[in-house]
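These numbers were taken from a predicted model, which means no experiment stands behind them. We're numbering straight along the sequence, starting at 1.
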Amino acid sequence: MYVETVVQINERDTYQASVRLRSAAVSSRPPVDALVRFSPAGWLTMKPLAGGRVLVVSAAEVLDVTNIERVQALDE
């Protein structure tokens, strides 16, 4: 297996990622490019890059998260 980047996921840092929700997949909508924080536990807090409201979704609603890149660490 080839690994290009290793990202440590934690609830304090902010990531930029493409997030596909189960409800979006059913209606064939593309993934949402968003700033993501993996908190509170079991939930994702997402702010779409294209603008819009901050969403808090259950991790159970998330189908996949791709193109993930840490953009801000809590200690920065």
Side-chain angles (χ1 to χ4, degrees):
M1 176 192 320
Y2 175 75
V3 177
E4 185 176 337
T5 330
V6 175
V7 177
Q8 180 180 351
I9 304 294
N10 67 54
E11 71 279 356
R12 299 179 314 269
D13 296 348
T14 301
Y15 301 87
Q16 182 172 323
S18 295
V19 180
R20 181 180 292 274
L21 302 177
R22 292 184 189 284
S23 57
V26 168
S27 60
S28 299
R29 291 189 305 233
V32 175
D33 292 326
L35 294 175
V36 178
R37 189 168 278 177
F38 295 89
S39 70
W43 298 83
L44 270 73
T45 303
M46 302 175 14
K47 178 162 184 13
L49 295 179
R53 300 181 311 172
V54 171
L55 304 170
V56 179
V57 296
S58 168
E61 172 63 13
V62 176
L63 190 59
D64 64 25
V65 177
T66 57
N67 303 325
I68 189 166
E69 177 182 340
R70 184 169 37 207
V71 294
Q72 182 181 24
L74 180 66
D75 55 359
E76 288 182 357

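Contact of the M46 side chain with the V19 side chain is registered, since non-hydrogen atoms from C-beta on lie closer than 4.5 Å. Between T14 and V36, the closest side-chain pair of non-hydrogen atoms is not below 4.5 Å. For the pair R53 and P48, the minimum side-chain heavy-atom distance is 4.5 Å or more. No side-chain heavy atom of L44 sits under 4.5 Å from any side-chain heavy atom of V56.
In this structure a side-chain-to-backbone donor-acceptor pair under 3.5 Å is missing from S39 to A41. Between the side chain of R12 and the backbone N or O of F38, no donor-acceptor pair lies under 3.5 Å.
Follow the hydrophobic side-chain contacts under 4.5 Å out from I68 and you reach V32 in the same cluster. In this structure, Y15 is a member of the same hydrophobic cluster as V62, with clusters built from ILVMFWY side-chain heavy atoms closer than 4.5 Å.
Checking R37 against T45 by side-chain atom types alone, no donor-acceptor pair falls below 3.5 Å.
For the atom pair L55 CG and L21 CG, the distance stands at 8.0 Å (nearest 0.5 Å). Distance NZ/K47 to CG/L35: 7.5 Å, rounded to 0.5 Å. Distance check, rounded to the nearest 0.5 Å: OG of S27 to CZ of R22 gives 14.0 Å. With values rounded to the nearest 0.5 angstrom, Q72 atom CD is found 8.0 Å from D13 atom CG. Rounding to the nearest 0.5 angstrom, the gap separating the CD atom in Q16 from the CZ atom in R70 is 14.0 Å.
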